[in-house]
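Let me begin by presenting the structure, written as structure tokens, before commenting on it.
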Amino acid sequence: MTASSGAGSSAPVALSLQHASKSFGAVKALQDVTLDLYAGEAHALVGENGAGKSTLVKILAGVYQPDTGRLLASDSDELVLAGPAAAIAAGIAIIYQEPTLFPDLSVAENVFVGRQPLRRARLINRRAMNARVNEIFERLGVTIDPDRVARGLSIAEQQLVEIAKALSIDAKVIVMDEPTAALSAAEVDRLANVITALRDHGAAVLFISHRLEEVFRLCQRVTVLRDGRWVLSQGTDSLTVDDLVRAMVGRDLAERTYEPHTRGEPLLRVERLTREGVFTDVSFDISAGEVLALAGMVGSGRSEVARAIFGIDRYDAGTVVLDGKALRRASPSAAMAAGIGFVPEDRRQQGLVMGMGIGRNIALASLRRLRHLGLLLPGVEQRFAADWAARLQLKYRRLSDPATSLSGGNQQKVVLAKWLSRQPELLIVDEPTRGIDVGTKAEVHRLLVSLAREGIAVLAISSELPEVLAIADRVAVMREGRLVGVLDRDEATEEQIVAMATGQAAPAGLLKATAL
Amino acid sequence: MSTAATAETQPREEPTNQTRFVDLALRARTFGIVGVLGLVVLVTTSIQSRFLSSNDVQFILSGAAIYAVMAVGEAMVIVTRNVDLSVGSVAGLSAFVCAGLFHELPGIPTVAVFAIGALLGGGCGLITGLLSAICRIPSLVVTLAMLWIVRSVDVLLVGGAQVTAGQVPRSFLLIFYDTIPGIGVPDIAVGAAVLAVAVYFYMSSFRSGRDLYAIGSDPDAARLAGIPIAKRITTAFVMSGALAGIAGVLYASQIGTIDSTAATGYELQVIASVVIGGVAIFGGSGNVIGAALGALLLGTITSALYTLGVNQNWDEAFQGLLIILAITLDRGIQAQLASALRRRRVRLGA
């Protein structure tokens with residue numbers, strides 16, 4: 001089983017991982033995986049969550065050492081990476097899926113941490129450092145002040161700083177672990193240009209993404225992993241999306257057929273909601289049984305509106321009415337009591353207590369209902385959690401295992417279970433499938449739609465247009481803090497949504513009045 | 001914000017705006033301590049004019065210098081998201097051992113005594129650092145253990161005896177009181193100030209110094225960035241220990257008569273100084289000059305209360321109040337900063 005068989009390239013190999021295996025206790029994360037990265041080529045690595053992609057990335061990063069197998073550099077010398085510093089020194093740059101920035105340091109220092117340009121007497125040359133960062137940002141088309149602290153950067157901006165970091169190393173091999181998950185369409189376009197420029201400079205790019213259309217657009221070759229094993233390595237021009245999906249999940253995915261529904265009375269009414277400087281005059285409604293998608297570019301104010309509805313952030317004007325009753329502002333507990341559930345974008349930081357057991361995470365939002373005489377009996381909690389885990393087809397070993405032991409998709413199911421178990425009337429989900437593989441993604445989509453059909457109102461925020469179109473009954477589009485229109489399912493197309501979200505010329509006749 | 005949209009439609013943001021704001025906020029924090037310091041002096045002097053007599057000022061400065069030296073070391077540790085609770089015990093041990101040297105080895109040069117104090121403290125710091133950084137025991141636990149272990153060693157060494165002022169040379173006892181001719185500022189206060197500025201310079205201008213901030217800001221990210229975490233944290237503990245050792249020698253010079261309870265409880269006042277000085281208790285931000293000023297502020301308040309004839313028991317209550325005030329202030333600045341950044345982002349995005 002050699003990866004390069006039949007798909008040889010004339011370009012020199014920049015890095016070659018040969019027959020690598022890695023186990024954690026009884027879990028075989030990676031088994032006999034071979035991967036050749038060619039100079040001047042973008043190579044996609046795809047597979048479902050838990051397929052072993054992250055383990056492979058961490059081996060290339062020097063974080064893990066493989067149990068067996070070896071890593072060869074371009075000159076066929078064996079490369080032993082004792083730690084992250086060794087990988088960086090070997091010219092391997094990693095852009096992690098979860099940005100790894102230092103919130104207290106300046107953006108420029110984040111890019112150059114540990115490698116700051118020096119002047120005499122080994123002093124840090126701040127001016128040179130900022131100039132070089134500005135140079136890289138210009139190449140990326142980014143306007144971030146290199147002198148500002150990293151705290152408070154949006155996820156997209158953090159990702160761009162990570163990319164700048166990789167560029168600053170002048171790496172021979174650049175590994176991008178889902179760099180586009182948090183980027184808007186325009187930013188992805190720019191990233192595509194950067195990847196092309198990197199390839200022209202002779203760098204090898206390993207690109208990990210769940211968005212298969214990007215894989216075909218950006219990469220010349222693709223390797224598929226499944227359950228820690230190598231499945232195929234092939235040129236992308238000889239494959240179709242369906243081929244890839246089949247290779248990844250080992251079966252065909254059924255397309256969801258849309259079941260129309262009749263819209264009832266509005267359950268949630270948002271009227272002229274305004275938070276100064278963040279969003280203005282946002283009005284819409286959702287009825288029970290309906291999925292309303294909130295679309296728009298990253299930073300258009302979608303998440304902020306959702307957070308305001310749930311009471312995490314305050315708002316300055318407007319009302320939120322659920323079931324005919326006005327909600328108290330800035331009070332998540334009032335929102336919860338009124339029957340709203342909120343699944344945040346950043347599940348690691350806001351949705352889950354990562355070190356706590358799976359079962360306890362599921363029961364966390366329902367503790368008040370589970371206690372008897374003020375006590376929480378462990379059996380009750382576990383039974384309750386097991387029940388919900390089964391309903392959402394959660395894949396886990398033991399309920400007492402920490403949430404960190406789950407793959408991204410299953411973590412998301414735990415967050416969903418936590419809120420669904422409260423039987424909410426309105427469920428708000430922010431980027432429900434960020435960083436989740438295609439198989440689980442379709443499952444989450446099915447789950448959200450079937451929840452709606454059972455009578456829950458769902459407000460879904462998503463940057464992925466295929467996802468929006470797959471689940472939404474109506475699509476509300478935001479741009480720069482304003483709601484620019486609400487589209488019915490039959491008039492919503494990717495082109496239409498993009499046009500509205502970017503403010504570029506949209507066929508005027510299709511725009512619906514926003515007055516609700 | 002949509003960086004993409006701005007890149008196309010907006011001119012490049014002027015890079016200084018943000019910097020100016022953050023700089024201002026951080027500088028305001030340091031100025032804040034100086035302001036409070038000025039206020040304390042002003043109020044106290046207006047009530048009791050003899051507060052600013054030169055002897056009192058010298059005494060305040062010298063006393064604060066001892067704490068400031070320790071606070072500089074402690075700040076290096078706290079910036080890395082660790083804490084050193086053993087500095088009081090280390091200073092006490094160093095005070096006894098070093099003062100005893102004059103008795104054991106008559107004629108030993110004072111410089112050598114300071115060097116031995118620093119080595120002794122640095123050795124303690126090395127043990128702490130290795131246990132904490134390599135064996136991965138939380139520093140709170142390791143240094144709590146060291147606090148008692150070092151103090152016990154001290155008690156066993158002293159064995160009920162003590163070094164008395166008569167056993168050390170008079171010139172050594174004068175170190176605490178010596179002033180720079182002409183301006184009347186105590187030597188050791190100048191020394192502490194020079195130390196604080198030097199360490200500040202190291203921490204802001206050298207890679208290894210910046211690494212300390214990176215480690216405290218996000219330890220996981222620091223690991224992925226290839227920063228030698230164990231080495232840096234151990235270095236911080238060695239520095240903290242060595243400075244506590246030097247502070248111990250200064251303490252011996254101040255007090256003269258040393259028994260096994262020397263410098264007991266100093267660690268809490270040192271940590272208080274660091275926090276009041278604007279170093280984040282969970283690491284990543286703040287600087288050693290602030291920490292040294294924090295020590296000066298606490299020393300001045302103690303002295304002011306004494307001058308005003310306030311019951312000394314109020315002193316500690318004031319310290320507590322100041323800590324709460326300092327942390328509330330830091331939170332406020334953080335919140336202001338966050339909302340300023342958010343407003344900026346929307347303005348640019350719109």
Side-chain angles (χ1 to χ4, degrees), chain A residues 61-63 83-89 94 96 99-106 109-110 113-116 118 122-124 126 130 134 141-154 156-157 160 165 183-187 189-190 276-278 297-301 480-481 502-503, chain B residues 1-23 26 79 201-202 204-211 213-218 220-228 280 283-286 334 337-350:
Chain A
V63 175
I88 293 168
I94 316 279
Y96 292 96
T100 55
L101 297 186
F102 303 102
D104 301 299
L105 300 190
S106 78
E109 270 199 293
N110 265 290
V113 69
R115 305 174 289 110
Q116 295 96 333
L118 301 178
R122 303 191 57 74
L123 290 168
I124 292 171
R126 263 170 216 279
N130 287 356
N134 266 332
V142 178
T143 55
I144 303 174
D145 176 5
D147 245 337
R148 69 162 281 174
V149 288
R151 190 185 301 280
L153 288 175
S154 71
E157 289 168 323
L160 292 165
K165 203 193 287 186
L183 300 188
S184 69
E187 286 161 342
D189 281 346
R190 201 165 285 126
E276 239 163 82
V278 183
M297 309 232 284
V298 172
S300 60
E480 291 164 9
T502 55
Chain B
M1 102 178 189
S2 141
T3 11
T6 36
E8 277 138 25
T9 57
Q10 294 278 324
R12 205 174 170 76
E13 72 180 81
E14 61 280 43
T16 48
N17 248 358
Q18 173 69 53
T19 326
R20 230 178 273 145
F21 188 81
V22 173
D23 269 3
L26 295 178
V79 158
F201 184 65
Y202 162 72
S204 59
S205 303
F206 285 87
R207 281 181 185 169
S208 52
R210 299 309 295 167
D211 284 355
Y213 284 98
I215 292 165
S217 196
D218 189 333
D220 292 332
R223 196 170 57 94
L224 293 176
I227 291 172
S285 71
Q334 281 282 349
L337 212 62
S339 80
L341 292 178
R342 203 180 53 223
R343 272 198 303 277
R344 254 176 74 79
R345 178 185 301 167
V346 170
R347 207 171 55 237
L348 277 167

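Numbered from 1 within each chain, the chains take letters A, B, ... in sequence-line order.
When heavy atoms are compared at a cutoff of 4.5 Å, A:Leu101 approaches chain B solely by way of its backbone atoms N, CA, C and O. With a 4.5 angstrom heavy-atom cutoff, A:Ile88 touches chain B only via side-chain atoms. Looking at B:Asp211, the atoms closer than 4.5 Å to chain A (heavy atoms on both sides) all sit in the side chain, from C-beta outward.
Considering only heavy-atom pairs separated by less than 4.5 Å from chain B, the leading option among A:Ser106, A:Ala150, A:Pro103, A:Ala85 is A:Pro103. Ranked by heavy-atom pairs under 4.5 Å with chain A, the first of B:Gly283, B:Ser204, B:Gly209 is B:Ser204. Among the candidates B:Gly216, B:Ala214, B:Ala280, the residue making the largest number of heavy-atom pairs closer than 4.5 Å to chain A is B:Ala214. For the options B:Ala225, B:Ser217, B:Gly284, heavy-atom pairs under 4.5 Å to chain A are most numerous at B:Ser217. Options B:Ser205, B:Pro228, B:Ala222 differ in how many heavy-atom pairs under 4.5 Å they form with chain A, and the most are formed by B:Ser205.
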Checking side chain to side chain contact (heavy atoms under 4.5 Å, CB included) for the pair A:Val63/B:Arg223: CA distance, chi angles, key distance, verdict? CA-CA 9 Å; A:Val63 175; B:Arg223 196 170 57 94; 3.8 Å; yes
Show your reasoning for whether side chain to side chain contact (heavy atoms under 4.5 Å, CB included) applies to B:Arg210 and A:Ile124. CA-CA 9 Å; B:Arg210 299 309 295 167; A:Ile124 292 171; 3.3 Å; yes
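The line from CD1 of B:Ile227 to CZ of A:Phe102 is 4.5 Å long, rounded to the nearest 0.5 Å. To the nearest 0.5 Å, atoms CG (A:Leu118) and CZ (B:Phe206) are separated by 9.0 Å.
Side-chain contact between B:Phe201 and A:Leu123 is present, with at least one heavy-atom pair separated by less than 4.5 Å.
No donor-acceptor distance shorter than 3.5 angstrom exists from the side chain of B:Ser285 to the backbone of A:Asp104, with no hydrogens or angles considered. For the pair B:Arg207 (side chain) and A:Gln116 (backbone), a donor-acceptor distance under 3.5 Å is present.
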